[in-house]
Every structure is written in structure tokens, then in C-alpha cells.
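Reckoned from all heavy atoms, side chains included, excluding hydrogens, waters and symmetry mates.
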Amino acid sequence: MTPGRRKILYAVSFETLGTLVASVYLWLVSDASAGSSLALAILTATIALCWSYAFNTLFEAWEARQSVTGRSFARRTAHALLFEGGLVLIFIPVMAWWLQVGLLEALAYEAGLIILFIVYTWFFTWGFDLIFGLPASAR
């Protein structure tokens with residue numbers, strides 16, 4: 001499989017299965033129906049894709065104006081924290097509204113999703129590599 005196809009397959013399968021995992025989690029921890037949980041998971045995945053595009057566009061515009069080039073540990077850390085922090089700030093009110101809960105309860109759901117997705121990402125990547133082999137960069 002070409003590297004480009006592998007990346008596309010990874011992204012599509014990761015997001016598809018991740019949406020299902022998130023919807024099951026939301027269904028189990030909230031009073032929402034399975035359909036409502038799936039719709040919320042699809043909505044948040046869509047928001048995450050849009051945020052990723054917008055945030056990375058803004059970050060790269062800022063980065064292009066910096067006198068120090070490259071991506072240091074500090075710059076990568078700032079990127080990750082700002083990206084995830086922005087996503088959390090967007091998701092909490094959306095979840096609170098959708099699930100008709102308070103902001104603290106929505107924050108608890110979001111915290112659970114963050115932990116779930118760390119574990120999910122680890123297992124998904126491991127399984128993907130078992131099925132499709134390691135990428136050229138890791139061989």
C-alpha cells in the first residue's frame with residue numbers, strides 16, 4: 001500500500017470507529033439515547049475536523065512570522081495544548097446543550113472522552129499496524 005493510501009485509510013477508519021466508540025461511551029454515561037449519542041459524536045467529529053483546519057491555518061500563519069524556524073519541543077507542546085484546549089472549550093458548551101446538562105457534567109463527559117481516546121488511539125494504531133503492517137518510516 002502506498003504511504004498516501006495508508007494515511008487516508010488510517011484517518012477514515014480511525015474517525016469512523018472513533019465516532020462509534022465515542023457514541024457508545026456517551027450513550028453509556030449520559031441519559032441520551034443511542035441515536036442522540038451517535039449524532040453528538042458525528043457533530044463533535046465534524047467540529048474537530050473544522051477546528052483542526054482553522055487552528056492549523058492560524059498556527060502556521062503565526063509560525064511563518066517567527067524569526068526562529070522549526071518545531072521545537074516547546075512549539076509542539078504549545079501547538080498540542082492550544083489545539084486540545086480550544087477543542088475542549090468548544091465541546092463543553094456543545095455537549096451541555098445537546099445533552100441538556102450543566103457545564104460541569106459536560107466537562108466530566110469530555111474528560112472521560114479524552115482518557116478514552118488516549119487508550120483508543122493506542123489500541124487502534126497497534127491493531128492497524130498488525131493488519132496493514134508498519135509504515136515505511138517505522139521499518
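With a 4.5 Å cut-off on side-chain heavy atoms, T44 and I90 do not count as touching. Within the 4.5 Å cutoff, side-chain heavy atoms of Q66 are placed close to those of R75. Two residues are said to be in side-chain contact when any heavy atoms from C-beta on lie closer than 4.5 Å; I114 and V88 meet this criterion. Side-chain contact between L49 and Y53 is absent, with no heavy-atom pair separated by less than 4.5 Å.
For the atom pair OG (S33) and CG (L38), the distance works out to 9.5 Å, reported to the nearest 0.5 Å. The CZ atom of F128 lies 5.0 Å from the OG atom of S13; values are rounded to the nearest 0.5 Å. Between the CD1 atom in I92 and the CG atom in L87 there is a gap of 10.0 Å [rounded to 0.5 Å]. One distance of note links OG of S23 with CG of L28; it measures 9.5 Å at 0.5 Å rounding. Distance check, rounded to the nearest 0.5 Å: CD1 of I115 to OH of Y25 gives 8.0 Å. We find the CH2-CD1 distance between W126 and I131 to be 9.5 Å, quoted to the nearest 0.5 Å.
Within 6.0 Å of atom CH2 in W51, more than 12 heavy atoms from other residues, nucleotides or ligands are found, so the atom counts as buried in its surroundings. Residue L104 qualifies as open at atom CG: its count of foreign heavy atoms under 6.0 Å is 12 or below.
Nearest heavy-atom pair, R6 versus P135, reported as atom, atom and distance to 0.1 Å: NH2-CD, 3.5 Å. Nearest heavy-atom pair, P93 versus L103, reported as atom, atom and distance to 0.1 Å: CA-CD2, 4.1 Å. Between M95 and L113, the shortest heavy-atom contact is CE-CD1, 3.2 Å.
I42 and L116 sit in two unconnected hydrophobic clusters of ILVMFWY residues. Membership requires side-chain heavy atoms under 4.5 Å apart, directly or through other members. V29 is connected to V101 through a chain of hydrophobic side-chain contacts under 4.5 Å among Ile, Leu, Val, Met, Phe, Trp and Tyr, so both are in one cluster. By the rule that hydrophobic residues join a cluster once side-chain heavy atoms approach within less than 4.5 Å of another member, L89 and F91 end up as members of separate clusters. Follow the hydrophobic side-chain contacts under 4.5 Å out from W122 and you never reach F132; the two are in separate clusters. Put simply, F124 and V24 are part of two different groups of oily side chains (I, L, V, M, F, W, Y) that touch within less than 4.5 Å, one to the next.
Aromatic ring pairs are classed by plane angle as parallel below 30°, tilted from 30° to 60° and perpendicular above 60°; the pair Y120 and F14 is tilted.
Among pairs with a residue in residues 83-111, none fulfils salt bridge (Lys or Arg N to Asp or Glu O under 4.0 Å), at least two apart in sequence or across chains. Counting only residues at least two apart or in different chains, salt bridge (Lys or Arg N to Asp or Glu O under 4.0 Å) contacts with residues 8-22 are absent.
Checking Y10 against T125 by side-chain atom types alone, a donor-acceptor pair falls below 3.5 Å.
For S36, the side-chain hydrogen bond (donor to acceptor under 3.5 Å, both in side chains) test picks out W98, with sequence neighbours left out.
Looking only at distances, no side-chain donor or acceptor of Y109 sits under 3.5 Å from a matching main-chain atom of A96.
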